[in-house]
Amino acid sequence: MIDILLAILNISFLQAIVNMSTPLLLAAIGDIYSERAGVLNIGLEGMMLIGAFSSFVISYHFNNPYMALIVTIIIGFGLGIFHAFFTVTLKADQVITALGENILALGLTSTLYRIIIGVTEIQPECPGLPVLYIPVINRIPVVGDIMSGSNILVYIAFLMPIITYIIFEYTSFGLSIKAVGENPKAADSLGINVNVIRYIAVIISGIFAALGGASLTIGGLKYFFDNMTAGRGFIAFAAVIFGRYTPLGVFVGTLLFGVSDAFQLRLQTLGIQLPYHIFTSIPYIVTLLVMIFSRQTSFSPKALGKAYVRSS
Amino acid sequence: METLLELMGITKVFGDNVANDGVNLKIFKGEIHVLLGENGAGKTTLMNCISGLYIPNQGKIFWEGKEIQVKTPQDAVKCGIGMVHQHFMLVDNLTVLENILLSGLRKRFVFLNKKQQKREVLKLMRSYGLDVDLDAQIWQLPVGLRQRVEIIKVLYNDAKLIILDEPTAVLTPYETEELFKVLKFLTAQGRSVIFITHKLEEALRIGDRISVMRRGKIVHTFFSTNVDKNLLVRLMMGEEIEERKKKKSSKVEKDKRETILDVRDLYVKNNQGTIAVKGISLEVGKGEILGIAGVAGNGQSELVEALAGLRLAIKGKVYFKNKDITNAPPRLLRNLGIVHIPEDRHKHGMIGEFSVKENFLIGSYYRYPFSKRMRLQHEYIEEYARMWIKKYNIKVSDIRMKAKYLSGGNQQKLILARELGKFPELIIAAYPTRGLDILATKFVHEKLLEYRDKGTSIIFVSSELDELREVSDRIIVLFRGEIAGSLAAKEADNQTLGFLMAGGAPLFSERK
């Protein structure tokens with residue numbers, strides 16, 4: 001017991017929480033835009049995986065992690081357009097579309113990895129994003145210690161809840177997104193272009209999901225393996241529901257999963273005589289438990305999951 | 001008079017159905033122009049063509065003498081056309097201010113300066129004498145105020161033409177008066193109003209000119225000062241409608257009535273989790289129609305759903321013929337002889353995707369003679385459906401046709417036939433005539449009265465005071481989940497009812 005307490009009562013545990021939360025936070029915060037606009041994006045998992053893969057490949061080939069970051073943003077943009085094209089323009093079922101995207105992403109990345117990198121004995125590593133030193137933040141006690149050693153994606157991830165809050169509360173863009181997700185017909189009657197808003201929202205979601213994936217490779221392990229996201233996209237999606245579609249709530253939700261992930265990693269290193277699978281399943285069990293207590297649906301945007309068809 | 005808007009030959013076709021057939025219409029500056037017609041006459045379709053929600057198949061629209069193309073709602077707003085839809089175009093969980101700002105987003109920058117804009121909106125509201133709490137969320141507001149928000153939205157966009165689609169359908173008499181004052185004020189300032197309604201008295205009271213619409217065409221336009229009421233009705237209906245017969249009240253003497261339904265101190269929550277029905281107690285006697293009046297959202301829906309077994313009562317008891325049926329499941333209630341005609345017939349009354357025949361089965365499909373050893377008895381079912389279709393004169397070309405393709409009146413007849421066909425002892429009818437035209441409404445009234453005379457007890461919820469007074473034996477008024485007053489229908493007049501609906505104290509109560 002004391003071992004466990006010692007393992008979590010230190011700065012490096014907090015750092016682990018930050019690192020574990022970053023991919024979830026990026027994907028989940030981006031997803032708020034999509035969900036609030038009324039488009040389910042359960043394709044987060046696939047988008048993250050593709051983001052992780054593409055950032056790894058670019059960084060590996062060109063030896064430039066920042067270039068990989070920019071390419072990943074472009075790819076995330078494309079993924080958003082892809083999802084929006086099916087769900088908004090073609091009005092396809094949003095769940096089924098995402099299901100297809102997730103399966104496609106898994107097959108695509110595994111196959112392309114074998115084609116581009118090949119099967120190797122040692123996992124090839126790519127250059128990772130360098131540590132970003134921001135004087136103001138790093139001089140704050142504790143926070144500075146936690147954030148030391150963080151790369152740009154971590155900073156972006158932890159800034160996003162604030163930016164998103166401002167966008168939803170104080171900008172006309174945020175207001176339009178909320179209106180489109182709650183009552184697209186009303187928004188349409190007021191001259192808000194429902195489809196354009198939904199496209200933009202889904203694209204934002206695509207970009208941040210891809211960045212979430214990138215934070216696993218160029219922002220984390222520096223290598224790529226099959227299905228490396230391992231359901232993190234789904235956890236991010238769960239965090240959005242848990243957080244009631246608000247930036248602050250989602251922030252708390254992802255931290256909760258980040259904590260459970262960091263905790264299970266610590267437990268593994270303590271050498272407790274239990275199969276490690278039990279520890280790795282902790283974040284998923286937490287997800288299920290959390291869902292039991294947040295099943296109330298009245299917080300979800302009213303038009304969520306429904307394509308908008310102007311009756312004619 | 002100067003013409004603001006002119007329509008020439010507007011035609012709009014949906015499939016085989018010609019909703020607007022070469023409509024010509026002129027709207028003058030500063031007038032209130034009433035568009036009068038039955039449901040399905042094409043009034044709303046025509047207005048949707050002007051406000052950019054529909055694109056007409058043919059015809060031209062002129063605005064201040066120039067031809068304009070209205071392809072999207074944005075185009076209409078830019079011209080200065082503002083529409084207040086029958087189903088409000090408001091986002092329920094945004095605040096009033098946010099809803100108003102939404103309507104003017106195009107002229108704003110990236111950041112909403114809520115403080116400054118709040119001041120602007122307040123100034124606008126004051127100049128028109130319109131008052132709403134800008135920080136309240138829409139779902140918290142009564143319907144009358146929601147409509148006011150819609151009007152402010154339109155004014156915020158500086159609309160020169162304001163279209164109101166059946167604006168009084170959801171208002172109390174008092175709120176209606178307020179609305180009329182606002183409209184008069186607007187036209188005095190040179191703005192024009194198109195007022196859509198199917199209520200004759202209203203048309204005559206508020207309109208400067210009245211255009212009668214029937215079957216997609218404008219039959220005639222009058223100045224409201226020189227118009228014959230009977231002629232208007234004839235033009236609207238296309239046939240002579242006999243004066244409604246004064247109905248006889250219930251045959252059974254009040255004191256001798258056996259109590260069928262006894263509700264004691266009932267509490268029910270709404271979807272938001274707040275208490276919508278606060279300790280209601282009521283009794284319904286055998287062969288009595290109990291009317292329930294109230295502005296929508298004062299607990300009627302929750303009360304009805306609790307009685308029909310669709311919503312849990314958190315406190316209180318319900319007895320049906322002295323048997324405790326509190327929170328009993330719907331199937332048990334139906335087997336006891338309680339039927340429910342739901343408020344929203346599309347959502348809860350029928351399954352649009354199912355055939356007419358299948359819709360007759362809902363609620364009794366498992367039961368002999370509809371089903372025998374778990375097999376549906378199609379021959380019997382078809383015969384049964386045909387019999388009721390004939391009896392209720394439901395216009396159906398084929399019983400295998402999807403129910404959603406029936407007109408509103410025929411859908412309601414189908415539901416009535418299905419429910420009343422069980423020869424119930426208690427009918428819970430929530431807004432059974434909502435959205436129906438005069439003939440279908442009359443049919444529903446006749447059926448309810450016919451069953452009452454057979455000894456069936458009826459709970460009749462409606463927002464139309466006239467029909468409540470006409471059909472009910474006794475009327476109770478709900479206000480904020482409580483009974484604000486209970487009157488004998490004979491003693492009730494619209495003024496008293498309206499007063500009670502707005503939360504006032506009863507002027508006089510039922511004599512006991």
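Residue numbers begin at 1 in each chain, while the letters A, B, ... track the order of the sequences. Bear in mind the structure is a predicted one, so any value in this text is a computation, not a measurement. Only heavy atoms go into these numbers, but all of them, side chains included; no hydrogens, no water, no symmetry mates.
- Residue B/His87 does not touch chain A at all, counting heavy-atom pairs closer than 4.5 Å.
- Considering all non-hydrogen atoms of both residues, B/His85 and A/Ser189 come closest at NE2-CB, 4.2 Å.
- Within a 6.0 Å sphere centred on OH of A/Tyr165, heavy atoms belonging to other residues, nucleotides or ligands number 12 at most.
- Among B/Glu98, B/Lys114, B/Met83, B/Lys153, the residue with the largest count of heavy-atom pairs under 4.5 Å with chain A is B/Glu98.
- Residue B/Arg215 qualifies as open at atom CZ: its count of foreign heavy atoms under 6.0 Å is 12 or below.
- Proximity to chain B is absent for every atom of A/Ile167, based on heavy atoms less than 4.5 angstrom apart.
- Within 6.0 Å of CD on B/Gln58 lie no more than 12 heavy atoms contributed by other residues, nucleotides or ligands.
- Other residues, nucleotides and ligands contribute at most 12 non-hydrogen atoms within 6.0 Å of the CZ atom of A/Phe77.
- Here CD of A/Glu182 is found 10.0 Å from CG of B/Asn99. Values are rounded to the nearest 0.5 Å.
- Side-chain N or O atoms of A/Lys302 include none that pairs as donor or acceptor with a backbone N or O of B/Asn93 at under 3.5 Å.
- The number of heavy-atom neighbours closer than 6.0 Å to CZ of A/Phe234, taken from other residues, nucleotides and ligands shown, is above 12.
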Pair A/Ile192-B/Leu102, side chain to side chain contact (heavy atoms under 4.5 Å, CB included): steps then yes or no | CA-CA 8 Å; A/Ile192 295 169; B/Leu102 263 178; 3.4 Å; yes
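- You'll find the side chain of A/Asp188 reaches within 4.5 Å of the side chain of B/Pro73, heavy atoms only.
- Contacts of B/Asp75 with chain A are absent, with no heavy-atom separation under 4.5 Å from either backbone or side chain.
- Residue contact with chain A, scored on non-hydrogen atoms closer than 4.5 Å, involves the side chain of B/Leu94 exclusively.
- Around the NZ atom of A/Lys91, the shell of radius 6.0 Å holds more than 12 heavy atoms that belong to other residues, nucleotides or ligands.
- For the side chain to side chain contact (heavy atoms under 4.5 Å, CB included) criterion with B/Val91, the lone passing option out of A/Val180, A/Leu175, A/Asn183 is A/Asn183.
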